[in-house]
A.B. asks: 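Take a look at this one; I'll ask things after.
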Amino acid sequence: MKRIILAAVITFMFSVAYGQGLTADFRNGAQSFLSANIGISIPGGRFGSKTIYENYNNPYSESALKLPLTGSEIYKVIGFAGPGLSAGANGAWYFNQFWGIGMRASFTQCSLAKAKLRAAYTAAYGENSSFEFNTNDNYISVWVMPGVYFGVAISDDIQVGLDVGFGPQYLHTPQYSCSYSIDGSSNSETVASNADWDFSYYVSMGVKYKIDTHLAVSFDVNYNEIAMKFDYSVRRGVSTFTETHEVFYKCPTLNLGLVYLFK
(Lines give C-alpha, C1' and ligand atoms only; values in the text may rest on other atoms or scores of the structure.)
Protein backbone atom coordinates (compact mmCIF):
# COMPACT_ATOMS: atom_id res chain seq x y z
CA MET A 1 0.00 0.00 0.00
CA LYS A 2 2.79 2.45 0.92
CA ARG A 3 4.62 1.74 -2.35
CA ILE A 4 1.47 2.34 -4.36
CA ILE A 5 0.88 5.68 -2.61
CA LEU A 6 4.48 6.84 -3.13
CA ALA A 7 4.43 5.78 -6.79
CA ALA A 8 1.21 7.74 -7.34
CA VAL A 9 2.72 10.76 -5.59
CA ILE A 10 5.86 10.77 -7.75
CA THR A 11 3.87 10.26 -10.96
CA PHE A 12 1.53 13.14 -10.09
CA MET A 13 4.39 15.51 -9.28
CA PHE A 14 6.32 15.06 -12.47
CA SER A 15 3.33 14.85 -14.82
CA VAL A 16 1.94 18.14 -13.48
CA ALA A 17 5.35 19.85 -13.49
CA TYR A 18 5.97 18.82 -17.09
CA GLY A 19 2.55 20.07 -18.19
CA GLN A 20 2.84 23.45 -16.43
CA GLY A 21 6.32 24.43 -17.55
CA LEU A 22 7.56 27.55 -15.72
CA THR A 23 4.37 29.63 -15.64
CA ALA A 24 3.61 29.29 -11.93
CA ASP A 25 2.52 32.90 -11.30
CA PHE A 26 1.13 32.06 -7.84
CA ARG A 27 4.54 30.83 -6.78
CA ASN A 28 6.19 34.05 -7.91
CA GLY A 29 4.17 35.87 -5.26
CA ALA A 30 4.53 33.29 -2.49
CA GLN A 31 7.86 31.60 -2.05
CA SER A 32 6.86 30.38 1.42
CA PHE A 33 3.80 30.25 3.65
CA LEU A 34 2.37 29.57 7.10
CA SER A 35 -1.14 28.30 7.73
CA ALA A 36 -3.51 27.08 10.41
CA ASN A 37 -6.37 24.68 9.75
CA ILE A 38 -9.33 22.88 11.30
CA GLY A 39 -11.29 19.93 9.96
CA ILE A 40 -12.90 16.56 10.50
CA SER A 41 -11.40 13.08 10.87
CA ILE A 42 -12.87 10.04 9.12
CA PRO A 43 -11.62 6.65 10.44
CA GLY A 44 -11.13 3.88 7.89
CA GLY A 45 -10.25 0.20 7.64
CA ARG A 46 -10.43 -1.99 10.74
CA PHE A 47 -9.83 1.15 12.82
CA GLY A 48 -13.29 2.41 11.88
CA SER A 49 -14.96 -1.01 11.68
CA LYS A 50 -18.05 -1.72 13.80
CA THR A 51 -18.20 -5.57 13.59
CA ILE A 52 -16.54 -7.50 16.43
CA TYR A 53 -16.05 -10.94 14.87
CA GLU A 54 -14.57 -12.44 11.77
CA ASN A 55 -15.26 -16.11 11.22
CA TYR A 56 -13.02 -17.39 8.44
CA ASN A 57 -15.48 -20.17 7.46
CA ASN A 58 -18.82 -18.39 7.79
CA PRO A 59 -19.94 -14.76 8.02
CA TYR A 60 -20.82 -13.35 11.42
CA SER A 61 -24.47 -13.90 12.25
CA GLU A 62 -26.35 -12.04 14.97
CA SER A 63 -28.61 -15.09 15.40
CA ALA A 64 -25.72 -17.40 16.36
CA LEU A 65 -23.65 -17.03 19.52
CA LYS A 66 -19.98 -17.23 18.55
CA LEU A 67 -17.23 -16.96 21.11
CA PRO A 68 -13.64 -16.36 19.96
CA LEU A 69 -12.19 -19.40 21.70
CA THR A 70 -11.16 -22.23 19.38
CA GLY A 71 -10.79 -23.33 15.79
CA SER A 72 -11.46 -20.94 12.95
CA GLU A 73 -13.49 -18.49 15.03
CA ILE A 74 -10.77 -15.94 15.68
CA TYR A 75 -11.28 -12.74 17.63
CA LYS A 76 -10.26 -9.83 15.46
CA VAL A 77 -9.92 -6.61 17.44
CA ILE A 78 -11.13 -3.52 15.60
CA GLY A 79 -11.30 0.12 16.55
CA PHE A 80 -14.98 1.11 16.82
CA ALA A 81 -13.70 4.61 16.00
CA GLY A 82 -16.16 7.31 14.98
CA PRO A 83 -15.66 10.67 13.24
CA GLY A 84 -13.95 13.44 15.16
CA LEU A 85 -12.11 16.74 14.85
CA SER A 86 -8.68 17.75 13.62
CA ALA A 87 -6.57 20.88 13.93
CA GLY A 88 -3.09 21.71 12.78
CA ALA A 89 -0.47 24.07 11.46
CA ASN A 90 1.58 23.93 8.30
CA GLY A 91 4.44 25.86 6.74
CA ALA A 92 7.01 25.55 3.96
CA TRP A 93 9.88 27.35 2.25
CA TYR A 94 10.18 26.87 -1.50
CA PHE A 95 13.75 26.79 -2.82
CA ASN A 96 12.56 26.90 -6.45
CA GLN A 97 9.33 27.35 -8.40
CA PHE A 98 7.94 23.89 -7.58
CA TRP A 99 9.79 22.29 -4.67
CA GLY A 100 10.08 23.17 -1.01
CA ILE A 101 10.71 21.81 2.46
CA GLY A 102 8.53 22.40 5.48
CA MET A 103 6.80 21.12 8.58
CA ARG A 104 3.27 19.96 9.34
CA ALA A 105 1.73 19.48 12.80
CA SER A 106 -1.56 17.74 13.48
CA PHE A 107 -3.90 17.04 16.39
CA THR A 108 -6.70 14.54 15.67
CA GLN A 109 -9.46 13.24 17.91
CA CYS A 110 -11.74 10.33 17.02
CA SER A 111 -14.65 9.29 19.20
CA LEU A 112 -15.27 5.79 20.49
CA ALA A 113 -18.57 4.69 18.90
CA LYS A 114 -20.05 3.51 22.20
CA ALA A 115 -23.60 2.98 20.95
CA LYS A 116 -22.43 0.74 18.10
CA LEU A 117 -19.99 -1.04 20.41
CA ARG A 118 -22.80 -1.76 22.84
CA ALA A 119 -25.07 -2.97 20.02
CA ALA A 120 -22.41 -5.31 18.63
CA TYR A 121 -21.68 -6.92 22.00
CA THR A 122 -25.38 -7.19 22.83
CA ALA A 123 -25.97 -8.99 19.53
CA ALA A 124 -23.25 -11.48 20.47
CA TYR A 125 -23.91 -11.95 24.19
CA GLY A 126 -27.55 -11.04 24.72
CA GLU A 127 -29.48 -8.48 26.70
CA ASN A 128 -27.84 -9.54 29.99
CA SER A 129 -24.58 -7.84 28.92
CA SER A 130 -23.38 -4.75 30.77
CA PHE A 131 -20.70 -2.26 29.76
CA GLU A 132 -18.23 0.16 31.27
CA PHE A 133 -16.18 2.88 29.63
CA ASN A 134 -13.42 4.94 31.13
CA THR A 135 -13.74 8.73 31.15
CA ASN A 136 -11.00 9.23 28.56
CA ASP A 137 -12.96 7.55 25.80
CA ASN A 138 -11.45 9.10 22.66
CA TYR A 139 -8.64 8.23 20.29
CA ILE A 140 -6.04 11.01 20.33
CA SER A 141 -3.28 11.45 17.74
CA VAL A 142 -0.57 14.14 17.80
CA TRP A 143 2.30 14.41 15.35
CA VAL A 144 4.87 16.87 14.00
CA MET A 145 6.64 15.84 10.79
CA PRO A 146 9.06 17.49 8.38
CA GLY A 147 8.15 17.02 4.75
CA VAL A 148 8.90 17.63 1.08
CA TYR A 149 6.49 19.98 -0.71
CA PHE A 150 5.51 20.23 -4.36
CA GLY A 151 3.29 23.01 -5.72
CA VAL A 152 2.04 24.15 -9.11
CA ALA A 153 0.00 27.27 -9.99
CA ILE A 154 -2.92 26.70 -12.33
CA SER A 155 -3.72 30.44 -12.35
CA ASP A 156 -2.52 33.64 -10.70
CA ASP A 157 -4.72 32.90 -7.70
CA ILE A 158 -4.92 29.10 -7.47
CA GLN A 159 -2.21 26.63 -6.56
CA VAL A 160 -2.45 22.84 -6.19
CA GLY A 161 0.08 21.02 -4.09
CA LEU A 162 1.16 17.80 -2.52
CA ASP A 163 3.49 17.09 0.39
CA VAL A 164 4.84 13.95 2.05
CA GLY A 165 6.45 13.72 5.49
CA PHE A 166 7.86 11.34 8.09
CA GLY A 167 8.32 11.77 11.82
CA PRO A 168 7.20 10.96 15.40
CA GLN A 169 3.55 10.42 16.32
CA TYR A 170 1.82 10.06 19.68
CA LEU A 171 -1.27 7.89 19.86
CA HIS A 172 -3.68 7.31 22.75
CA THR A 173 -6.41 4.65 22.66
CA PRO A 174 -9.46 4.49 24.96
CA GLN A 175 -10.37 1.70 27.37
CA TYR A 176 -13.67 -0.16 27.50
CA SER A 177 -14.97 -3.37 29.06
CA CYS A 178 -17.98 -5.66 28.77
CA SER A 179 -19.33 -8.11 31.35
CA TYR A 180 -21.93 -10.80 30.67
CA SER A 181 -23.13 -14.23 31.82
CA ILE A 182 -23.45 -17.41 29.77
CA ASP A 183 -24.85 -20.66 31.18
CA GLY A 184 -24.62 -19.22 34.68
CA SER A 185 -20.91 -18.33 34.48
CA SER A 186 -19.62 -14.77 34.87
CA ASN A 187 -17.44 -13.46 32.03
CA SER A 188 -15.78 -10.20 31.02
CA GLU A 189 -13.71 -8.68 28.22
CA THR A 190 -11.51 -5.60 28.53
CA VAL A 191 -9.57 -3.58 25.97
CA ALA A 192 -6.98 -1.57 27.88
CA SER A 193 -5.95 1.99 27.13
CA ASN A 194 -2.55 2.48 25.51
CA ALA A 195 -0.43 5.59 24.93
CA ASP A 196 2.83 5.50 23.02
CA TRP A 197 5.14 7.24 20.53
CA ASP A 198 6.29 5.76 17.23
CA PHE A 199 7.41 6.91 13.79
CA SER A 200 4.88 7.33 11.02
CA TYR A 201 4.24 9.16 7.76
CA TYR A 202 1.62 11.34 6.13
CA VAL A 203 0.54 12.26 2.59
CA SER A 204 -1.36 15.49 1.93
CA MET A 205 -2.94 16.90 -1.23
CA GLY A 206 -4.66 20.27 -1.40
CA VAL A 207 -5.40 23.57 -3.09
CA LYS A 208 -4.85 27.22 -2.12
CA TYR A 209 -6.89 30.18 -3.34
CA LYS A 210 -5.30 33.62 -2.97
CA ILE A 211 -7.70 36.29 -1.67
CA ASP A 212 -5.13 39.07 -1.11
CA THR A 213 -1.43 39.75 -1.60
CA HIS A 214 -0.50 37.89 1.57
CA LEU A 215 -3.63 35.88 2.36
CA ALA A 216 -5.14 32.68 0.97
CA VAL A 217 -7.60 30.00 2.00
CA SER A 218 -6.80 26.32 1.64
CA PHE A 219 -8.46 22.93 1.49
CA ASP A 220 -6.48 19.73 1.87
CA VAL A 221 -6.88 16.03 2.51
CA ASN A 222 -4.34 14.37 4.82
CA TYR A 223 -3.75 10.63 5.09
CA ASN A 224 -1.89 9.23 8.09
CA GLU A 225 -1.23 5.60 9.04
CA ILE A 226 0.46 3.96 12.04
CA ALA A 227 0.27 0.58 13.77
CA MET A 228 -1.33 0.63 17.23
CA LYS A 229 -1.68 -2.13 19.80
CA PHE A 230 -4.65 -3.27 21.85
CA ASP A 231 -4.09 -5.22 25.07
CA TYR A 232 -7.12 -7.48 25.16
CA SER A 233 -8.05 -9.42 28.33
CA VAL A 234 -10.78 -12.08 28.59
CA ARG A 235 -12.11 -13.75 31.74
CA ARG A 236 -14.19 -16.90 31.27
CA GLY A 237 -15.43 -18.03 34.68
CA VAL A 238 -12.25 -18.55 36.72
CA SER A 239 -9.88 -18.54 33.73
CA THR A 240 -8.24 -15.40 32.29
CA PHE A 241 -6.06 -14.89 29.22
CA THR A 242 -4.50 -11.77 27.74
CA GLU A 243 -3.40 -11.09 24.18
CA THR A 244 -1.99 -8.13 22.25
CA HIS A 245 -3.59 -7.35 18.89
CA GLU A 246 -2.36 -4.88 16.28
CA VAL A 247 -4.62 -2.58 14.29
CA PHE A 248 -3.55 0.12 11.86
CA TYR A 249 -4.69 3.62 12.71
CA LYS A 250 -5.98 4.89 9.36
CA CYS A 251 -7.63 8.26 9.65
CA PRO A 252 -7.89 10.69 6.69
CA THR A 253 -8.74 14.27 7.64
CA LEU A 254 -10.48 16.97 5.59
CA ASN A 255 -9.20 20.44 6.51
CA LEU A 256 -9.93 24.11 5.82
CA GLY A 257 -7.16 26.61 6.49
CA LEU A 258 -6.12 30.25 6.52
CA VAL A 259 -2.76 30.88 4.86
CA TYR A 260 -0.26 33.72 5.17
CA LEU A 261 1.90 34.10 2.04
CA PHE A 262 5.46 35.46 2.05
CA LYS A 263 6.66 37.25 -1.06
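Count residues from 1 along the sequence. Every heavy atom of this structure was used, including side-chain atoms; hydrogens, water molecules and symmetry mates were not.
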A.B. asks: Which class fits the ring pair Phe262 and Tyr260: parallel under 30°, tilted 30 to 60°, perpendicular over 60°?
C.D. replies: perpendicular
A.B. asks: How close do Ser193 and His172 get, counting heavy atoms only, and between which atoms?
C.D. replies: OG-CE1, 3.0 Å
A.B. asks: How about Tyr139 and Tyr249: are their ring centres within less than 6.0 Å of each other?
C.D. replies: no
A.B. asks: Would you tell me whether Ser141 and Gln169 have side-chain atoms, one donor and one acceptor, within less than 3.5 Å of each other?
C.D. replies: yes
A.B. asks: Answer yes if the side chains of Ser200 and Asn224 hold a donor-acceptor pair under 3.5 Å, and no otherwise.
C.D. replies: yes
A.B. asks: Does a side chain donor of either Asp220 or Ser218 reach within less than 3.5 Å of an acceptor in the other side chain?
C.D. replies: no
A.B. asks: Side chain of Asp212, backbone of His214: donor and acceptor closer than 3.5 Å?
C.D. replies: no
A.B. asks: Give a yes or no answer on whether the side chain of Asp137 reaches the backbone of Leu112 with a donor-acceptor pair at less than 3.5 Å.
C.D. replies: no
A.B. asks: For this output row, return yes or no: ring centroids of Trp143 and Tyr170 closer than 6.0 angstrom.
C.D. replies: no
A.B. asks: Closest approach of Asn138 and Ser111, non-hydrogen atoms and distance?
C.D. replies: OD1-CA, 3.4 Å
A.B. asks: Are any side-chain N or O atoms of Ser41 and backbone N or O atoms of Gly84, one a donor and one an acceptor, separated by less than 3.5 Å?
C.D. replies: yes
A.B. asks: Please determine whether the number of non-hydrogen atoms from other residues, nucleotides or ligands lying under 6.0 Å from atom CD1 of Ile211 exceeds 12.
C.D. replies: yes
A.B. asks: Is the side chain of Ser155 donor-acceptor paired with the backbone N or O of Asp157 at a distance under 3.5 Å, no angle test?
C.D. replies: yes
A.B. asks: Identify which one of Ile101, Leu162, Asn90 satisfies the side chain to side chain contact (heavy atoms under 4.5 Å, CB included) criterion when paired with Tyr149.
C.D. replies: Asn90
